[in-house]
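Let me begin by presenting the structure, written as structure tokens, before commenting on it.
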Amino acid sequence: MRPCLGVMHLFGRWLRGCSRRSRNRMPRRLREPLSYFRLLINSLYFNSLTNSDVVVDSLFEPVFWMVDILTRWFGKVFVFLVVALTSSILFIAYFSLLPLVLRTYSPGWIVWHICYGHWNLIMIVFHYYKATSTSPGYPPKMKNDIPFVSVCKKCIIPKPARTHHCGICNTCILKMDHHCPWLNNCVGHFNHRYFFSFCLYMTLGCLYCSISGRNLFIDAYNAIDHFKHMDVEKQGVPVTGVGLLIGILPQESMTGKSYHTPSPPYTFKDRMFHKSVIYMWVLTSTVAVALGGLTVWHAILISRGETSIERHINSKEARRMTKRGKVYKNPFNYGKLNNWKVFFGVEKKSHWLTRVLLPSGHVPYGDGLTWDIYPLKKDMMPV
């Protein structure tokens with residue numbers, strides 16, 4: 001970092017020297033832009049707090065701005081993709097797989113698939129709708145007495161603890177985790193639970209489709225491959241009676257006798273059914289792996305009592321404290337079990353059913369502005 005600052009310092013001195021020598025003979029319309037450019041260069045190393053992160057952020061600011069603009073524009077497109085892809089899987093499940101299940105499965109398995117499938121579907125739809133339509137929470141813009149930890153440089157308003165600015169929404173978000181393009185919304189204090197529950201139940205639904213449809217996928221793939229080879233074998237040069245002499249045709253083919261049962265016709269309906277099964281299995285398996293990894297990552301963060309942004313901040317702060325021989329402790333970590341209770345809003349044992357395993361629109365703990373409302377004891381909610 002020192003060589004970088006040294007180069008910028010020499011460059012600034014060169015600009016100052018050039019401006020002094022040419023101040024008298026430079027036109028005024030060129031002198032003002034040059035002064036402004038020199039001010040921008042000096043602002044990169046104006047105090048001792050400047051480091052490599054500040055310089056890199058300044059250089060990549062146009063790139064970040066362009067990404068924010070594109071994400072804001074394509075947010076509705078991503079939501080449409082989620083709805084369209086999910087609807088396509090439901091269409092295949094209801095019109096292709098459900099009739100097959102009703103014809104071939106035992107009554108016990110039929111009840112299991114119908115009950116679990118519809119419960120999982122309800123949880124996915126409910127939490128996705130709530131995650132997209134619920135406001136993540138914003139700090140007040142009017143003067144108030146709420147304690148704050150800093151002032152937002154873009155909103156120019158006080159920022160309470162755990163509040164961060166979103167460049168895509170262009171506002172500050174309470175307990176901001178990240179901006180999710182698939183929701184076209186920020187994940188914050190009031191919709192964090194909906195976001196995680198949607199990821200969890202969507203992963204479970206994709207795993208359910210992938211595991212239960214594995215044998216159907218193998219059969220469909222083999223069927224398409226088999227009939228594809230049959231179509232290739234049908235193409236060729238017609239063989240006449242000479243074929244008997246050179247051994248191309250068997251003896252019975254000349255006498256009109258045939259001992260082979262003709263294969264059943266491969267209809268358009270069969271082809272579409274097999275391709276639909278392959279499409280469903282590939283899509284659900286891919287989403288299960290990708291979204292499953294994201295869900296596990298957020299589950300780890302929830303167990304630690306931190307968000308995605310706080311993970312980077314806490315890691316950096318922990319390294320800084322380690323260099324000083326001290327140990328950094330996250331003030332919002334109440335223990336793994338208590339963190340999950342706070343996150344899901346579990347206050348008694350029945351809430352694990354009514355607020356976790358069933359759709360629930362209850363609000364999270366606190367208002368997202370202050371974080372000293374939780375009793376400080378080993379097990380603050382003995383559930």
Side-chain angles (χ1 to χ4, degrees), residues 67 70-71 74-75 77-94 96-98 100-101 109 112-113 115-132 177-187 191-225 273-304 306-309 311-312 315 336 340 343-344 356-357:
V67 171
L70 293 177
T71 305
F74 286 98
V77 176
F78 288 135
V79 173
F80 172 78
L81 286 176
V82 173
V83 176
L85 293 176
T86 306
S87 300
S88 65
I89 298 299
L90 292 178
F91 182 85
I92 296 173
Y94 277 107
S96 297
L97 301 183
L98 184 59
L100 181 64
V101 170
W109 279 111
W112 153 253
H113 283 291
C115 291
Y116 177 81
H118 285 86
W119 168 79
N120 204 336
L121 175 62
I122 292 173
M123 298 298 286
I124 291 173
V125 174
F126 172 80
H127 287 105
Y128 186 73
Y129 171 76
K130 296 292 288 185
T132 55
D177 188 272
H178 69 287
H179 183 95
C180 181
W182 300 102
L183 301 179
N184 194 26
N185 195 10
C186 261
V187 177
N191 65 346
H192 194 182
R193 178 177 65 88
Y194 297 131
F195 163 77
F196 177 79
S197 298
F198 164 72
C199 293
L200 176 62
Y201 290 112
M202 178 63 83
T203 301
L204 292 178
C206 290
L207 286 174
Y208 164 72
C209 293
S210 179
I211 296 174
S212 60
R214 177 180 175 274
N215 293 332
L216 287 175
F217 164 75
I218 296 175
D219 295 340
Y221 182 83
N222 292 333
I224 291 180
D225 186 66
F273 173 79
H274 292 150
K275 289 186 176 181
S276 299
V277 170
I278 294 176
Y279 163 78
M280 182 200 71
W281 190 87
V282 171
L283 178 61
T284 55
S285 300
T286 304
V287 174
V289 173
L291 190 60
L294 179 65
T295 305
V296 171
W297 167 247
H298 279 278
I300 295 174
L301 295 179
I302 295 171
S303 300
R304 296 173 177 174
E306 56 188 8
T307 62
S308 300
I309 297 178
R311 172 61 179 169
H312 299 287
S315 299
K336 292 183 179 180
W340 283 103
F343 181 79
F344 282 120
V356 179
L357 298 179

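All values derive from a computational prediction rather than experimental measurement.
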*asked:* Determine whether Tyr208 and His113 satisfy the following criterion, side-chain hydrogen bond (donor to acceptor under 3.5 Å, both in side chains), listing intermediate values before the conclusion.
replied: CA-CA 10 Å; Tyr208 164 72; His113 283 291; 2.7 Å; yes
*So Ile300 and Arg304, side-chain contact (heavy atoms from CB on, under 4.5 Å) or not? Walk me through it.*
CA-CA 6 Å; Ile300 295 174; Arg304 296 173 177 174; 3.7 Å; yes
_So which atom in Thr132 and which in Asn185 form the shortest heavy-atom distance, rounded to 0.1 Å?_
O-ND2, 3.5 Å
*Listed by chain and number, what are the side-chain hydrogen bond (donor to acceptor under 3.5 Å, both in side chains) partners of Ser303, not counting sequence neighbours?*
Trp340
*Please report the closest heavy-atom contact between Cys186 and Asn191, naming both atoms and the distance.*
O-ND2, 2.8 Å
*Determine, using ring centers only, whether Tyr129 and Tyr194 are less than 6.0 Å apart.*
no
*Closest contact, heavy atoms only, Cys199 versus Leu291*: O-CD2, 3.8 Å
_So which atom in Ser96 and which in Phe273 form the shortest heavy-atom distance, rounded to 0.1 Å?_
O-CE1, 3.7 Å
*For the rings on His118 and Tyr94, is their centre-to-centre separation under 6.0 Å?*
yes
*Give a yes or no on this: more than 12 heavy atoms of other residues, nucleotides or ligands lie within 6.0 Å of atom OH of Tyr116.*
yes
*Check whether any side-chain heavy atom of Phe78 sits under 4.5 Å from a side-chain heavy atom of Asn184, and report yes or no.*
no
*Describe, in one word, how the ring planes of Trp119 and Tyr201 are oriented to each other, choosing from parallel (under 30°), tilted (30 to 60°) and perpendicular (over 60°).*
perpendicular
_Taking ring-ring contact (aromatic ring centres under 6.0 Å, His included) as the definition, give me every residue that meets it alongside His298, ordered by chain and number, with sequence neighbours left out._
His178, Phe195
*asked:* If you define the side chain from C-beta out and look only at heavy atoms, does anything of Val277 sit under 4.5 Å from Leu97?
replied: yes
*Output yes when a side-chain donor or acceptor of Asp225 lies under 3.5 Å from a complementary backbone atom of Tyr221, and no otherwise.*
no
*Does a side-chain heavy-atom distance below 4.5 Å link Val287 with Leu85?*
no
*Spatial distance of atom CG (Leu216) from atom CG (Leu100) [nearest 0.5 Å]*: 6.0 Å
*Taking it one step at a time, do Thr295 and Leu200 satisfy side-chain contact (heavy atoms from CB on, under 4.5 Å)?*
CA-CA 6 Å; Thr295 305; Leu200 176 62; 4.2 Å; yes
*Non-hydrogen side-chain atoms of Met202 and Thr86 separated by less than 4.5 Å*: yes
_As a quick check of understanding, evaluate side-chain contact (heavy atoms from CB on, under 4.5 Å) for Thr284 and Ile89, giving each step before the final call._
CA-CA 8 Å; Thr284 55; Ile89 298 299; 4.2 Å; yes
*side-chain hydrogen bond (donor to acceptor under 3.5 Å, both in side chains) with Thr286: which residues, sequence neighbours excluded?*
none
*State the CD1-OG1 distance between Ile302 and Thr307, to the nearest 0.5 angstrom.*
10.5 Å
*Can you tell me how far CG of Leu90 sits from CE of Met280, rounded to the nearest 0.5 angstrom?*
11.0 Å
_Return the CG to NE2 distance between Leu301 and His192, rounded to the nearest 0.5 Å._
7.5 Å
_With side-chain contact (heavy atoms from CB on, under 4.5 Å) as the criterion, how do Trp297 and Ser308 come out once you've worked through the C-alpha distance, each side chain's angles and the decisive distance to 0.1 Å?_
CA-CA 9 Å; Trp297 167 247; Ser308 300; 4.2 Å; yes
_Could you measure the distance from the SG atom of Cys206 to the CH2 atom of Trp281? Nearest 0.5 Å is fine._
12.5 Å
_Quick check for you: to the nearest 0.5 Å, what is the distance between Ser210 atom OG and Phe217 atom CZ?_
9.0 Å
*Side-chain contact, heavy-atom cut-off 4.5 Å: Tyr279 with Ser88?*
yes
*Once the angle between the rings of Phe198 and Tyr128 is folded into 0 to 90°, is it parallel (under 30°), tilted (30 to 60°) or perpendicular (over 60°)?*
tilted
